[in-house]
Amino acid sequence: MKISGSQIIIEVLLEQGCDCIFGYPGGQVINIYDALYQNQDRIKHIITAHEQGAAHAADGYARATGKTGVVLATSGPGATNLVTGIATAYLDSVPMVAITGNVPCSLLGRDSFQEVDICGVTLPITKHNYIVKDVNDLADTLREAFRIAKSGRPGPVLVDIPKDVQIAQTEFENKKPEPEYEDPKADDSQLKTAVEMIAEAQKPYIYCGGGIISGDAEKEVMEFAELIDAPIGCSMMGVSAIPCSNPRFLGMQGMHGHYASSMAQAEADLVIAVGARFSDRATGNKQVYVRNCNIIHIDVDDAEIDKNITSHLGINGDVKETLAKLNTMLSKQSHPAWTAEIEQLKAKEAGMVQKSEVMTPYDIIETVNAKMPEDAVIATDVGQHQMWVAQHYKFEKPRTFISSGGLGTMGFGLGAAIGAYTATHKPTVLFTGDGSFGMNLQELATAVSTNAPVIVVLMNNGVLGMVRQWQTLFFNKHYSNTTLCRQTDFVKLAEAFGALGFRAENTAELSDALDKAIEAKRPAVIDCKIDMDEFVLPMLPPGGSIDDIITEIHGGEI
Amino acid sequence: MERYVFSILVANRFGVLTRVSSMFTRRGFNIDTLTVGETESPEFSRITISMRGDEYSRTQIIKQLSKMHDVKQVQVMERDETVTRELLLIKIKNDSKTRQDILAAVDVFRSKIVDYSPDALCIEITGESSKINAFIELVKPFGIMEICRTGIVALERGSHCLNSDTAHK
């Protein structure tokens, strides 16, 4: 039977198990929207306030579930509005398919109304992209897009579909999704070398990245850690992979990492990096990072091995499979002296807790943490609040921490939280700051229109806190353009959007507001005032190393 | 800094050259020469890129290229096991005083004159880059009007072919 390109899109989405997409209509996707209208009982579409929000929502949907997120936008500005969202997904290896409409093939290349070469624009920020100029290629191209997005190291794929291809008709037959491309397999001799290196190590340390979560290898890592008697740290992307209640887990390492994990890494004689990429934020100064230790690097993406740091042993393979195999080859190790050293580091860190008269970010996080079930989804924006949450929220389940790591996209959180809620229907909280929230707060409209009861916990300090922190420490307190002087009333703002608005000056008020928001099952904004001079600590100064770790600041002096 | 020649077998599709070349730009590797053309199979094109870099760039380039969906095979061409050629077209001032010297040079370098006009000569020469460079140096005093080089093309010596191990993709 002949069907149109637009109908083919819907059929392939359904074939691929996609039940919900995010997007925004426009002139060059109007045919696809007509097909969505005709299939509204089969596939859900969520319209956001801005295409960027839709891209972040598809991303949040994917991060929370592991399924491929799908976003749809029109040509030109619709497509360019996706760019930040696609780049965010690319840097954090999130499986996503972005579908854009374009002007009819005959008008391509003539600067037609709302025409943009979106394939050209997104070339460096997609795993792959396509423009489909023949309706006969459409179904297989979309299928291939899904396959690429999910295979190996996941990532976003864009498919640009000119309007005449959406209209044209062709024969269509449903096909089962192809299996993912096969992952590289670790070499046996390398695994043997790994076992030998581990046996020789006295102070092993495991550094987990986001690959543990996307590779579904949480159980294998924990088994591995038990076997080799090692502590576990992680990059920000690895947060939530290991339950915070696991005594081996030391938390995030790096620029704003936990004292214990950063110190343990520095003391270790063997670092085993799994599904991580040694980002500059996770390592600080690379020369110092590697000075005392051997490095085993396990990753599904061969190009990550020896890219940022030269490893002593690089193993290119799926992390789950590789660890499972290693676990069968290893004999139980025991490092009591190392364990004692780690315990001391943990004790020292526990003593660093700062108490204050006014409500601190830590108090806010603790209060929210106490009200939320273990499987609640915690999204963040980018900045100080993000680091505080990554450090202090007690994550127990993978995929519960949704945050923009590699790109550091302010304005990511609200769209992502809505996407994550849509996918999971689990209690969802967005921690944000007044800077980040200001970037995409129009998505409150989406939360209201889709009944997504996201609770926005706004850490409001009236400044761009992370930049201010740098200005305090490294720019002689020249607060250039980071003091916002805005007069936004966030309670009224929330109410104007049809959400609930609360103000919390202390933890009792916060607790009360949370109860009300949970009870009401409606989107809510809780405006929590915090001090503008709260710092994210510890901190490795930019380009600095563990030797330069800052754990205390008094009156803006290190 | 070493000189590396990469042979890359890619899907013969719209935009592939941009993908490959932009990876070099984006990751900060400088391309010296780039040639591209269809292969014995119309499904594939072959891109030959020469560049200068260190061992790190060499490995990164192979890995980053291998990751690309349209790239089927990548090989670094080892100097001793590779035939490399470049083609040069060069336009030189035609002057009765220097003509004989130019013709002698053309003869020695086994190049040929492909266009002749009262005030200009166009010469074609093929060879390794070093030969081309030497020829350009030699004819410089005669007055070079313009030159056009193709960049390196390369094939491995012996019977092994780049397309014989594309099975992995």
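In what follows, chains carry the letters A, B, and so on, assigned in the order in which the sequence lines appear, proteins first and then strands, with residues in each chain numbered from 1.
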Residue B:F14 excluded, over 12 heavy atoms near CZ under 6.0 Å: no
Check: A:G109 main-chain N/O paired with A:E115 side-chain donor or acceptor under 3.5 Å: yes
Check against side chain to side chain contact (heavy atoms under 4.5 Å, CB included), A:K286 and A:V290: CA-CA 6 Å; A:K286 296 205 162 45; A:V290 297; 5.7 Å; no
Within 6.0 angstrom of B:R27 CZ, more than 12 heavy atoms from elsewhere: yes
Atom group of A:E144 that falls short of 4.5 Å from chain B, counting heavy atoms: side chain
Portion of A:K127 that has a non-hydrogen atom of chain B nearer than 4.5 angstrom: neither
Toward chain B, the part of A:D301 with a non-hydrogen atom under 4.5 Å: side chain
Atom group of A:I131 that falls short of 4.5 Å from chain B, counting heavy atoms: side chain
Shortest non-hydrogen contact between A:I298 and A:V319, atoms and distance: O-CG1, 3.9 Å
Greater than 12 external heavy atoms within 6.0 Å of A:R281's CZ: no
Note, B:I62 side chain near B:F6 side chain (heavy atom, < 4.5 Å): yes
Chain A contact via B:R26 - side chain, backbone, both or neither, heavy atoms under 4.5 Å: side chain
Interface residues of residues 79-94 of chain B facing chain A - non-hydrogen atoms under 4.5 Å apart: none
Structural part of B:S22 lying under 4.5 Å from a heavy atom of chain A: side chain
Salt-bridge criterion met for B:R58 and B:E55 (N-O under 4.0 Å): yes
Presence of salt bridge, A:R143 and A:E15, under 4.0 angstrom: yes
